[in-house]
Amino acid sequence: MREYEMVAGLETHVELATKTKIFCGCTTAFGGAPNTHCCPICIGLPGVLPKLNRQVVRYGILAGLATNCKINPVSKMDRKNYVYPDLPKAYQVSQYDKPLCLGGWITLDSGKKIRLTRIHIEEDAGKLVHERGDTFVDYNRGGVPLIEVVTEPDFRSVEEVREYVEKLQLLMKYIGVSDCKMQEGSLRCDVNISVRPKGSETFGTRTEIKNMNSFTFMSKALEYEFERQVDLLESGEAVIQETRRYNDTTGETESMRSKEDAHDYRYFKEPDLVTIATGEEEIETLRAQLPELPDRKKARYLEMGINEGDAAALIRSRRAAAFFDEAAEGLNAPKTAAAFIVGQMFSRYSTEEQREEWAVAISPAQLHALCELVESGKCNRNLAKATLEKMLDTGKDAKSFLSEGDLAGVGSEQLAQVCKTVIAQNAGAVQNYLGGKETALKALVGAVMRETRGRADAEKASGMLIDMLKKEC
Amino acid sequence: MSSIIGTLGALLREKKVSCKELTKAYLDGIDRDNGVLNAYVRVTGEQALKTAAEVDRKIAAGEALSPLEGIPMTLKDNISTRGIETTCCSKILQGYTPIYDATVWQMLQKQNAVLLGKTNMDEFAMGSSCETSCYGGAANPFDTGHVAGGSSGGGASAVGGNLAAYALGSDTGGSIRQPASFCGLVGLKPTYGAVSRFGLIAYASSLDQIGPICKSVEDAAVVFDAISGQDPMDSTSVGHKDPVSPQLAQKPEQLAIGVVKEYFKGVDPQVEAAIQNAIRTYEKLGAKVVPLSMPAISYALPVYYILACAEASSNLGRYDGIRYGYHADHYNGIHEMICKTRSEGFGPEVQRRILLGSYVLSAGYYDAYYKKAQNLRGAVKKGFDETFAQCDVILAPTVPMTAFPKGFAGQDQVQTYQTDICTVPVNIAGLPALSIPCGYDQKGLPVGMQLIANRFEETKLLQTAYLFEREMAGEIYRKEEWGCRTYA
Ligand SMILES: [Zn+2]
């Protein structure tokens, strides 16, 4: 069997976090009793007109700026006509040939750039609800603003798709334009996928898989679809261009409609809205509002000496990262603070929502103070860890859990004294160490810690012991 | 002819008649004559009398009345009125009662306008005779064997037949001016954007505009002042700078009237004679008449039908029987439900235009039709720009003929579409225009003259019309008493 590679492109719908809908004053809040977040405009009663929520344009521009797009100075809204009961006007107001943003990219960790074709703004549709053997329509979601982020067919593996979506999600959260909650449908993906023999330059026939709103489903759907297309080609059959959906019960993709049945959306300019002009000034004002974006933040953390794992974990929560930045300010070794946050605090706040919310009992200044105690050697790491737990339980300062004795720590002279005593009293271990048994050092350090009732800095003790033992031989 | 609105307002203020008496007189007239005219499809007597009582209270309390306060009027059946069924005279909207008011109706309600009812129209404003209405056509008050015109035929029939002091209609390709012309009235189609479209049930959004049908230029100016204005609910609305009424009697200085020869192609000789008469009148009044040519006019009709139908095919997609209006009785599945509802609910003319509009927007045909029409729309606009560089106001026939006999429009659709030739260019370019009576044909049917001005030049437009109206009052309006007869 030949080797095949995947060629995929993504269309991601991201629900924007505006307070009100794109064309009316109704709330965008998720949930609510059916058809309670509605008005004549968003249910498309005869005679109503849309009124564009400018915040949607601003959020769209922010999304474009965060993904290196050019902002179109003049864009326009178009009508995409199709009939479905969840679309009360029988057209969706979207952008066709003059989208808000053009031509950006998102860089994967490998350094590969996934090119963005465009980002446009549009309205969401309502939802069909199947209940009691009947079908009902809930228009609460109708008119909620979306951006659609369209990529070039740049993906070659499921992992790339996954990394891209995670990065996009994180970016959108960072710039505050969306909460990107996949389980509430505020981030959904359509994937165009084809396969071709490795090394080939031409594209195969693609299928489109619609409306995937979880990472697990998306991975499974892409893996399944990849295998399906490879099997077809290997058995000499052709891939049919069509739209498919993923069935999470069977774990398979299934045909929705063929190319022949594809909608003719009869796009034309929405005559009820004027064109959208975005001035240089507005764009620059928005650019100035952009926070430090995740990639740049991570690079900065690596420069600060934080290890790759901690840096990657920190940037995933904008609030935790901000907490870290404040706590680390002025520390000699910021990695101490990072380790406390990632190693200890993240295990308390383990869910994404908790890290998002970041409702922690202590202030960055309190963590800073604890780190200083560690740096100055007044408090060793084990003691600091236990102290941090108590601080997180109560919100109190580190000092309220450390006795005078604890804080006195073990000074260098005292430590040297203890080390000498330990060397003198543990001849066996010293012999072993000098004989090349490195592990013997551990026994000596342990003895130092026992002598100091755990107050000594183990690392420092270890260094001192090595120095002294060198002189011995 | 004097202003009916002014006359009735004076009677109310001087307490010569109460608003209740006035309203009742109109309601009695409707009772008596609507059977013949079929101008109203819904009469709102109870609400009218309630408003009248409020006006009478204000008069008794010595409070000042605004110009339209207490004046009985009517709205076309495509203008949304909260709590009053609004159907666009289509079977598909039977039983639909809006839960909100159109902006124009909100504005008029603040003035205590007395709404007598909703008037007849071609289904979804698609037609030139009012005969595509699911309620049957409205008759012409001058000769009930003829149509009142369309699509705002009911409003023209009502005002012409003295069943309302004025009416609001809508004009997408001539739907205010053509019936005004047929019924010997003044009909004003404002600049696109001067009057809010919020609540006007759309036919073709980039062309639709609400305007008044009145008995005089003075009335048209008063109503225009009351309904124009920038509306935050309508992104395409701009409003109008100053009220026209206070400036109406000013004579436009060094008035240059453009006579564009393309407007006279295929015009009935009797209509042309009346128009030439009007041109001479303006010359006599000191205006300079400038003969002009505007070849782009020839694109107007195909451009209009392509763009209007394209937008209509999208605007009317929402009538699927799910949320309101007509719903088919028997069907199998949702697809068939929508198909049956629309096939049974829309009349043949509406279906024809939806099909035509869907076709011109389809992949593969878009460039040949819709896109080309958009480009030619630009050419028509440019043609007007060049023309207005050489004159202030264009004078043309409103319709190439006088009112059609009943049944004429249904015989040959293409021929009927062609009668819109003089009115559609204005909608394509978004200009203000009005129709004003300027004579009669040998059958005694009125001839309308059309005046067209540049965008947002309603003041100059109405001043020019007023000049003519004052000059011709004795002659053209000698049949004023016509409207008062009964039709039994
Ligand atoms: Zn709403």
Side-chain angles (χ1 to χ4, degrees), chain A residues 22-25 35 38-54 76-93 96-97 126 128 130 134-139 142 259-276, chain B residues 78-80 82 86-88 93 96 98-103 124 193 196-202 204-208 231-237 307 310-311 313-320 322-325 334-335 337-339 342 357-366 370-371 374:
Chain A
I22 184 166
F23 298 127
C24 64
N35 299 311
C38 295
C39 72
I41 294 174
C42 57
I43 56 169
L45 285 186
V48 297
L49 298 171
K51 190 181 159 188
L52 181 61
N53 178 350
R54 190 74 199 183
K76 68 176 170 86
M77 304 305 294
D78 297 286
R79 290 189 186 176
K80 179 181 182 180
N81 296 282
Y82 66 94
V83 174
Y84 201 66
D86 67 2
L87 195 66
K89 302 187 292 284
Y91 56 82
Q92 178 193 26
V93 180
Y96 182 53
D97 53 354
L128 293 192
H130 304 280
D134 237 324
T135 304
F136 300 87
V137 208
D138 177 3
Y139 292 109
K259 189 189 173 193
E260 287 71 37
D261 300 329
H263 291 301
D264 178 355
Y265 291 120
R266 292 178 284 119
Y267 279 101
F268 70 103
K269 182 186 177 291
E270 163 58 293
D272 289 330
L273 290 168
V274 293
T275 50
I276 303 164
Chain B
N78 59 355
I79 297 173
S80 301
R82 184 167 50 193
T86 302
T87 70
C88 290
L93 273 176
Y96 167 65
I99 55 171
Y100 75 100
D101 281 324
T103 298
F124 281 99
S196 168
R197 291 185 296 118
F198 190 79
L200 171 67
I201 301 181
S205 316
S206 76
L207 303 161
D208 295 342
D231 179 9
M233 299 305 284
D234 176 358
S235 312
T236 63
S237 94
L307 296 184
E311 291 179 19
S313 73
S314 172
N315 283 331
L316 273 63
R318 71 191 67 195
Y319 306 110
D320 55 13
I322 293 175
R323 292 164 299 275
Y324 46 79
I334 185 142
H335 182 74
M337 180 195 84
I338 295 176
C339 285
R342 290 169 67 82
S358 304
Y359 179 81
V360 299
L361 285 173
S362 302
Y365 299 98
Y366 179 91
Y370 185 79
K371 200 173 165 194
Q374 280 293 16

Checklist entry - Going by an N to O cut-off under 4.0 Å, is there a salt bridge joining A/D97 and A/K76? => result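 Looking at A/K76 together with A/D97, the answer is yes, because their closest N to O distance falls below 4.0 Å.
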Checklist entry - Can you name the side-chain hydrogen bond (donor to acceptor under 3.5 Å, both in side chains) partners of B/R82, sequence neighbours left out? => result none
With a 4.5 angstrom heavy-atom cut-off, is it the side chain or the backbone of [X] that approaches chain B, or both, or neither?
X: A/Y82; answer: neither
X: A/F23; answer: neither
X: A/V48; answer: both

Checklist entry - Of the backbone (N, CA, C, O) and the side chain (C-beta and beyond), which part of B/L93 lies under 4.5 Å from a heavy atom of chain A, both, or neither? => result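 For B/L93, side-chain heavy atoms alone lie under 4.5 Å from chain A.
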Checklist entry - So which part of B/L200 gets closer than 4.5 Å to some heavy atom of chain A, the side chain, the backbone, both or neither? => result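 The backbone, not the side chain.
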Which residue out of [options] racks up the most heavy-atom pairs below 4.5 Å with chain A?
options: B/G317, B/S362, B/S80; answer: B/S362
options: B/S196, B/P98, B/A102, B/A363; answer: B/A363
options: B/L207, B/I99, B/D208, B/N315; answer: B/N315
options: B/S314, B/P232, B/A310; answer: B/S314
options: B/A204, B/A202, B/S358; answer: B/S358
options: B/Y100, B/Y370, B/Y365; answer: B/Y100

Checklist entry - Which atoms form the tightest heavy-atom contact between A/G44 and B/Y324, and what is the distance? => result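 The answer is O-OH, 3.7 Å.
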Checklist entry - Do A/K80 and A/Y265 meet the cation-pi criteria used here (NZ or CZ under 6.0 Å from the six-membered ring centre, within 45° of the axis)? => result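 Flagged: A/K80 positioned over aromatic ring of A/Y265.
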Item to check | Flag, side chain of B/R197 to backbone of B/D234, donor-acceptor distance under 3.5 Å | outcome: no
Item to check | B/S206 backbone acceptor or donor facing B/E311 side chain under 3.5 Å | outcome: yes
Checklist entry - Roughly how far, to the nearest 0.5 Å, is the CD atom of B/Q374 from the OH atom of B/Y366? => result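 These two atoms lie 7.0 Å from each other.
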Item to check | Reported CZ-to-OH distance for the pair A/R266 and A/Y91, which is rounded to 0.5 angstrom | outcome: 12.5 Å
Checklist entry - Among A/D272, A/T135, A/N81, which has the most heavy-atom pairs under 4.5 Å with chain B? => result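 The option with the most such pairs is A/D272.
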